[in-house]
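Notes follow once the structure below has been shown.
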Amino acid sequence: MRKLTLAAAATVLLAGCGGPTADDGGGEGKEDIVIGVIADLTGATADVGKPYNEGMLAYVDNLNAKGGVDGHKIKALSEDYQYKVPTAEEKYKKFVAEGAVAIQGWGTGDSEALRSKVKDDELPFMSASYAEVLTDPKQSPYNFVVAPTYSDQLRVAIDYIAAQDPAAQLAVLHHDSPFGTAPLADAEKWIKDKGYRLGFKAYPMKAGATDHVGILQQANSQGAKYVVIQNVSSPAAVVAKDIAAQKLDMKIVCLNWCADELFIKVAGPAAEGHLMIQPFAPPGIAKPGHQAVRDYCQGKGIDLDAKGLHFVQGWYTMHAMVKGIEKTLADGKELTGPNIRAGLETMPAVDTGGVLAPIKFSADSHRGATASSIYRVSGGTFTEVTAAVAPKA
C-alpha cells in the first residue's frame, strides 16, 4: 500500500483497502495518484524523448496547480531508462513497488517487452510507441495508443505517394529496432491489398552513422523517388543533407518521430520540400488546443515554439491518461488498474482542440486517434498540405 497520511489511510481502509475513490474526503487528506514515467533522456532517442517527457511533466504540474483530479494530486515518478529494455523493466518494477496505478512508457522495444507484465499486474500503460500490436486488447489488454499507429502513418504516406506517382519506388529507411521495423509488414500488405503498383524496399539505418550515403546509393539503384523514414530527427536530417550533397532526385517522407522542428533545424536548407506525416500539430500551426499549453509555458518562462511539437505530444498523452482516471473517479470507482482500464474504454472522445484527432478507445480497440496531417517543409517551417487524413477505407 502506498504511504498515506493518517486521514487518507483511514479512508482507504473504510473503502476496503482500494485506491482513491470519488467519495474520498476533501482537502489535504486525499492521497496522491501515482503514475510511473519511463523516459529516454540520455539514450538513442533522447533528442525527441526529452521534450516529450518535459511536456508530460508540465501537464502534471499544471493540473496539480489547479487542484489535481477531484482533489487528488498526480505524483509522477519519472526516471531515465536510457533506451535500454532491461533498465525499463527495472524502472517498471520500481514504480509498481511504489504504488503506481498507471504507467507512461516510451519505446516500442520496452513497451512490447513489458506487455505481459502489464497484463499480469493489470496496469494501464501508454507510451510513445505507436506499434499496431499495442492497440489490440486481445493481445495487449492494458496498453493504450493515443495516436495513429506507425502502420497507419505509413498507410497514409503510401496512399499519398500512390496518388502522386502510381508506379513510384519507395525506399523505407528505418531505425534498426522493433520501433523501426514495426510498420514494415503492414505497409507491404497495404500495397498488395490496395492493388498499388508501388515498389517497396526496407533499409535498416546504422545507429550513430555520420552519413547514410551507402544506403542512398542502394535506394538510388532501386530507382527510389521517395524515401520514407521511420527514425528520429537527427539521423533523418543526415539523410536530407546526404540527398542534397549527392544531388539525388528523392523526396523524404518522415513519419512522426522525425517529422518535427529538430529535423528542419538540423537539416537546414536540405529540409526544404520534404514531407512529414505528423499526427500532432506543431505549435507553429496554431490550433485551439495549443493555447492551454502556451499559457502554462508563458507563466513558467518556457518558449513553447523552441520546445516544439513533442512537448505538446507529451502533454496530451498524459491528458488522455488523466481523462481515464477522471472517468473512473466520476463513476465512483476505486483507482485500480481494471477500473482505470474500463474508464479509458468508456470515457467520451478526448478533444485536444485540434492538436490531435479526437482520441476514442473502446473495449474492442485501444487505438485512439486514426488521422494524421501531412506537412511540407517550406521556408524553414511547416506548411499544412492535408489536415487529419486517415488511411483510405
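Worth knowing before you read on, the calculation uses all heavy atoms, side chains too, and leaves out hydrogens, waters and symmetry mates.
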Side-chain heavy atoms of [X] within contact of [Y], under 4.5 Å:
| X | Y | answer |
| --- | --- | --- |
| Thr352 | Val312 | no |
| Leu216 | Gln246 | no |
| Ile161 | Tyr226 | yes |
| Glu122 | Thr336 | no |
| Leu344 | Lys327 | no |
| Val145 | Arg367 | no |
| Val227 | Ile229 | yes |
| Glu261 | Phe382 | yes |

Within the side chain of [X], is there an N or O that forms a donor-acceptor pair under 3.5 Å with the backbone of [Y]?
| X | Y | value |
| --- | --- | --- |
| Gln153 | Pro148 | yes |
| Glu384 | Tyr375 | no |
| Arg115 | Asn143 | no |
| Asn339 | Thr328 | no |
| Gln313 | Met56 | no |
| Lys30 | Asp70 | yes |
| Asp331 | Lys333 | no |
| Thr135 | Glu132 | yes |
| Tyr160 | Ile374 | no |
| Gln230 | Phe179 | yes |

Least distance between heavy atoms, [X] atom then [Y] atom:
| X | Y | result |
| --- | --- | --- |
| Ala281 | Lys287 | CB-CG, 3.7 Å |
| Leu309 | Pro282 | CB-CA, 3.7 Å |
| Arg197 | Ala167 | NH1-CB, 3.7 Å |
| Leu114 | Ala88 | CD1-O, 4.4 Å |
| Gly354 | Asp351 | N-OD1, 4.3 Å |
| Lys119 | Pro141 | CG-CG, 3.7 Å |

Applying side chain to side chain donor-acceptor pair (under 3.5 Å) to Arg341 and not counting sequence neighbours gives Glu345

For Asp305, the side chain to side chain donor-acceptor pair (under 3.5 Å) test, sequence neighbours excluded, returns Arg294

Residue list, side chain to side chain contact (heavy atoms under 4.5 Å, CB included) with Leu123, at least two apart or on another chain:
Tyr92, Val96, Ile103, Asp121

May I have the step-by-step check of salt bridge (charged side-chain N to carboxylate O under 4.0 Å, His left out) for Asp159 and Lys194, ending in yes or no?
CA-CA 9 Å; Asp159 289 342; Lys194 290 296 178 184; over 6 Å; no

For a side chain to side chain donor-acceptor pair (under 3.5 Å) check, start with the C-alpha distance between Asp186 and Tyr150, then their side-chain angles and the critical distance, and finish with the verdict.
CA-CA 9 Å; Asp186 287 335; Tyr150 300 134; over 6 Å; no

I would like to know whether Glu326 and Lys323 meet salt bridge (charged side-chain N to carboxylate O under 4.0 Å, His left out); could you show each step before the answer?
CA-CA 5 Å; Glu326 284 182 358; Lys323 283 297 180 183; 3.3 Å; yes

N/O donor-acceptor pairs under 3.5 Å from side chains in residues 233-242, not counting sequence neighbours:
residue: Ser233; atom: OG; partner: Trp257; partner atom: O; Å: 3.4
residue: Ser233; atom: OG; partner: Asp260; partner atom: OD1; Å: 2.8
residue: Ser233; atom: OG; partner: Asp260; partner atom: OD2; Å: 2.4
residue: Ser234; atom: OG; partner: Asp47; partner atom: OD2; Å: 3.0
residue: Lys241; atom: NZ; partner: Val266; partner atom: O; Å: 3.1
residue: Asp242; atom: OD2; partner: His212; partner atom: N; Å: 2.6

Which value, rounded to the nearest 0.5 Å, describes the distance between [X] atom [atom1] and [Y] atom [atom2]?
| X | Y | atom1 | atom2 | answer |
| --- | --- | --- | --- | --- |
| Asn64 | Ile74 | CG | CD1 | 6.5 Å |
| Asp295 | Lys300 | CG | NZ | 13.0 Å |
| Thr45 | Asn231 | OG1 | CG | 9.5 Å |
| Ile38 | Asp110 | CD1 | CG | 6.5 Å |
| Leu170 | Leu154 | CG | CG | 8.0 Å |
| Leu57 | Asn62 | CG | CG | 12.5 Å |

With the 4.5 Å side-chain cut-off for hydrophobic clustering, are [X] and [Y] part of the same group?
| X | Y | value |
| --- | --- | --- |
| Trp315 | Met347 | yes |
| Val377 | Ile277 | no |
| Val118 | Val133 | yes |
| Val146 | Val156 | no |
| Val322 | Phe280 | yes |

I would like to know whether Glu188 and Lys192 meet salt bridge (charged side-chain N to carboxylate O under 4.0 Å, His left out); could you show each step before the answer?
CA-CA 6 Å; Glu188 290 191 272; Lys192 181 179 178 180; over 6 Å; no

Could you tell me whether the side chains of [X] and [Y] share a donor-acceptor contact shorter than 3.5 Å?
| X | Y | result |
| --- | --- | --- |
| Asp61 | Tyr296 | yes |
| Tyr130 | Asn256 | no |
| Ser111 | Ser127 | yes |

Does a salt bridge link Glu90 with Lys94, judged by any charged N lying under 4.0 Å from a carboxylate O?
no

Determine, for Lys75 against Glu98, whether the closest basic-nitrogen to carboxylate-oxygen distance falls under 4.0 angstrom.
no

In terms of relative ring orientation, are His366 and Phe144 parallel, tilted or perpendicular, with 30° and 60° separating the classes?
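Judged by the thresholds at 30° and 60°, the geometry between His366 and Phe144 is parallel.
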
May I have all residue pairs that pass side-chain hydrogen bond (donor to acceptor under 3.5 Å, both in side chains) and include part of residues 170-185, sequence neighbours excluded?
His175-Ser177

Taking only distance into account, with no hydrogens and no angle test, what donor-acceptor pairs under 3.5 Å do side-chain atoms of residues 385-393 form with protein atoms, sequence neighbours excluded?
none

